Amino acid sequence: MCYEASQLAEKIYREAIRIGASDEDIKRLKLKWESLKEVHKNHYHSNAFSHEKFALFTFKEKLDLRLCYWGLIPSWTKSEQQALEISNKTINARGETLFEKPSFRKAATESRCIIPLDGFYEYHHKNGKTYPYFIHAKSKKRLMLGGVMETWLNKSSGELIDTFSIVTTRGNDVLAKIHNNPKLKEARMPLLLEDKDIKYWLNNSIKEVQKLIVPNITSALDYHTVQRLKGSKYLGNIPEVQRAYTYNELLEPPSLFS
DNA sequence: CCAGACGTTGTT
DNA sequence: GTCTGG
DNA sequence: CCAGACGTTGTT
DNA sequence: GTCTGG
């Protein structure tokens, strides 16, 4: 799953290189980014339910970079009220059923996207308490997540709203470590695409795309506990929120024999 | 037929 | 313990 | 998903 | 818009 994420603004357009963008593409996206970055803010920690804007890549005739709200609003949504309700339920989209669900199948078929993230947050449970982890790529690379996007026309305001959802798949062994119970039957995680697969997610046939919905790039992930992400101890949307923080109760109990 | 839903997560 | 709001 | 509420009254 | 439950 993926309910909390980080996306920093710096030179996001450059990730297009990993999608196989041409020099011309990069030039165009850089230009576009110059205007987008005025409204884009650094998300050191963003909770999906606050529905903030994230930068993502799409591909119609050309590779494009756009800002979209997290929480997909299907085009058939009728009112602002309904839009808010449904966007609270479409933070993630199960990869297994992506092409069947009424909320996602149009987006899945016609407008898949790539969300470049600096990391995401997951919770570990122990003795009835939760401990947040920040999960990120080793080597400070961005993670490239598979997603779907859709534009909603708000008829009461005439406004076009771009929205997206993050596709999820079975959790890999890194997730299994964070949920450090070897008997855990199934952890979920966002669809992380390897560089070689990114362009196929954007423009291949449905059949090919479905093959990409599998756990991936385990070895390239790193993670550590961070301070609380909600409540009175929450640091807010600042760099420190993703800094390593040790919880003594999570440390290995001292061995009797060491 | 109409009305109402349309989604995800996981027991540390 | 369980539901709801974000 | 987690954090926080978990209720009633009546109209600034 | 389309499907499901009643």
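Computed from a prediction, not measured in an experiment: that's the story for all the values here. Protein chains get the first letters and strands the later ones, always in sequence-line order, with residue 1 at the start of each.
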Inset, instruction - Would you mind classifying the nucleic acid contact of A:Q82 as base, sugar-phosphate or nothing, using non-hydrogen atoms under 4.0 angstrom? - result: base
Inset, instruction - Verify the stacking flag for A:W76 against B:dC6: centroid separation must be under 5.5 angstrom and the ring planes must differ by under 30 degrees. - result: yes
Inset, instruction - Tell me whether the centres of the aromatic rings in A:H43 and A:F54 are closer together than 6.0 Å. - result: yes
Inset, instruction - Please say whether more than 12 non-hydrogen atoms of neighbouring residues, nucleotides or ligands are located less than 6.0 Å from NZ in A:K155. - result: no
Inset, instruction - Report yes if a side-chain nitrogen or oxygen of A:S75 is closer than 4.0 Å to either non-bridging phosphate oxygen (OP1 or OP2) of E:dG1; otherwise report no. - result: no
Inset, instruction - Look at A:T168 and B:dT9 and indicate whether a side-chain polar atom (N or O) is within less than 4.0 Å of OP1 or OP2. - result: yes
Legend entry - Protein-nucleotide distance (A:Y123, atom OH; B:dT8, atom C1'), rounded to Å: 16 Å
Inset, instruction - Taking atom types as modelled, find out whether A:S156 and A:E80 have a side-chain donor-acceptor pair closer than 3.5 angstrom. - result: yes
Inset, instruction - Output yes when at least one side-chain N/O atom of A:T130 is less than 4.0 Å from OP1 or OP2 of D:dC2, else no. - result: no
Legend entry - Length of the line joining A:E52:CD and C:dG6:P, which is rounded to integer Å: 15 Å
Inset, instruction - Taking the six-membered ring for Trp and the single ring otherwise, decide whether the centroids of A:F49 and A:Y3 are under 6.0 Å apart. - result: yes
Legend entry - Sugar-phosphate, base or nothing in reach of A:A48, heavy atoms under 4.0 Å: nothing
Legend entry - D:dT8 to C:dG5 separation - P atoms, rounded to the nearest Å: 15 Å
Inset, instruction - Take atom C1' in D:dC2 and the same atom in B:dG10, then report the distance between them in whole Å. - result: 13 Å
Inset, instruction - Would you indicate which nucleotide in B:dG7, B:dT8, B:dG10 comes nearest to any side-chain atom of A:M1? - result: B:dG10
Legend entry - Among B:dG7, D:dA3, B:dT9, the nucleotide that comes nearest once only the side chain of A:R188 is considered: B:dT9
Inset, instruction - Select base, sugar-phosphate, or nothing to describe what A:F104 touches, counting heavy atoms under 4.0 Å on all strands. - result: sugar-phosphate
Inset, instruction - Determine the Euclidean distance between corresponding P atoms of B:dT9 and D:dG4; express it in Å to zero decimal places. - result: 24 Å
Legend entry - G-U wobble or Watson-Crick pairing nucleotide for B:dC2 (cut-off 3.5 Å, both distances): E:dG5
Inset, instruction - Check the distance between D:dC1's P and A:K129's NZ and give it to me in whole angstrom. - result: 20 Å
Inset, instruction - Would you mind reading off the distance between A:Y121 atom OH and D:dA3 atom P, rounded to a whole angstrom? - result: 15 Å
Legend entry - Contact under 4.0 Å: A:R94 side-chain N or O vs B:dT9 OP1/OP2: yes
Legend entry - Which nucleotide in B:dT9, E:dG1, D:dA3 has an atom nearest any side-chain atom of A:R228: D:dA3
Inset, instruction - Let me know the distance between CG of A:N88 and C1' of B:dG7, rounded to the nearest Å. - result: 10 Å
Legend entry - Distance, C1' atom - from C:dG6 to B:dA3, rounded to whole angstrom: 28 Å
Legend entry - Residue A:K101, side-chain heavy atoms: nucleotide from B:dT8, C:dG6, D:dC1 that is nearest: B:dT8
Inset, instruction - Would you please classify the geometry between the A:Y234 ring and the A:H45 ring as parallel, tilted or perpendicular, with 30° and 60° separating the classes? - result: perpendicular
Legend entry - Closest nucleotide among B:dG10, B:dC6, D:dC1 to the A:P102 side chain: B:dC6
Legend entry - C1' gap between D:dC1 and B:dT11, integer Å: 14 Å
Inset, instruction - May I have the distance from A:L229 (atom CG) to D:dC1 (atom C1'), rounded to whole angstrom? - result: 11 Å
Inset, instruction - Quickly work out the A:K78 NZ to B:dA5 P distance and round it to whole Å. - result: 11 Å
Inset, instruction - Apply ring pair (Phe, Tyr, Trp, His ring centres under 6.0 Å) to the pair A:Y131 and A:Y133, showing each step before the final yes or no. - result: CA-CA 7 Å; A:Y131 300 90; A:Y133 277 74; 8.4 Å; no
Legend entry - Distance in angstrom units between A:E4 CD and D:dC2 C1', rounded: 7 Å
Legend entry - Between A:Q82 and A:T77, a side-chain donor and acceptor under 3.5 Å: no
Inset, instruction - Using a heavy-atom cut-off of under 4.0 Å over every strand shown, decide if A:S50 touches base, sugar-phosphate, or nothing. - result: nothing
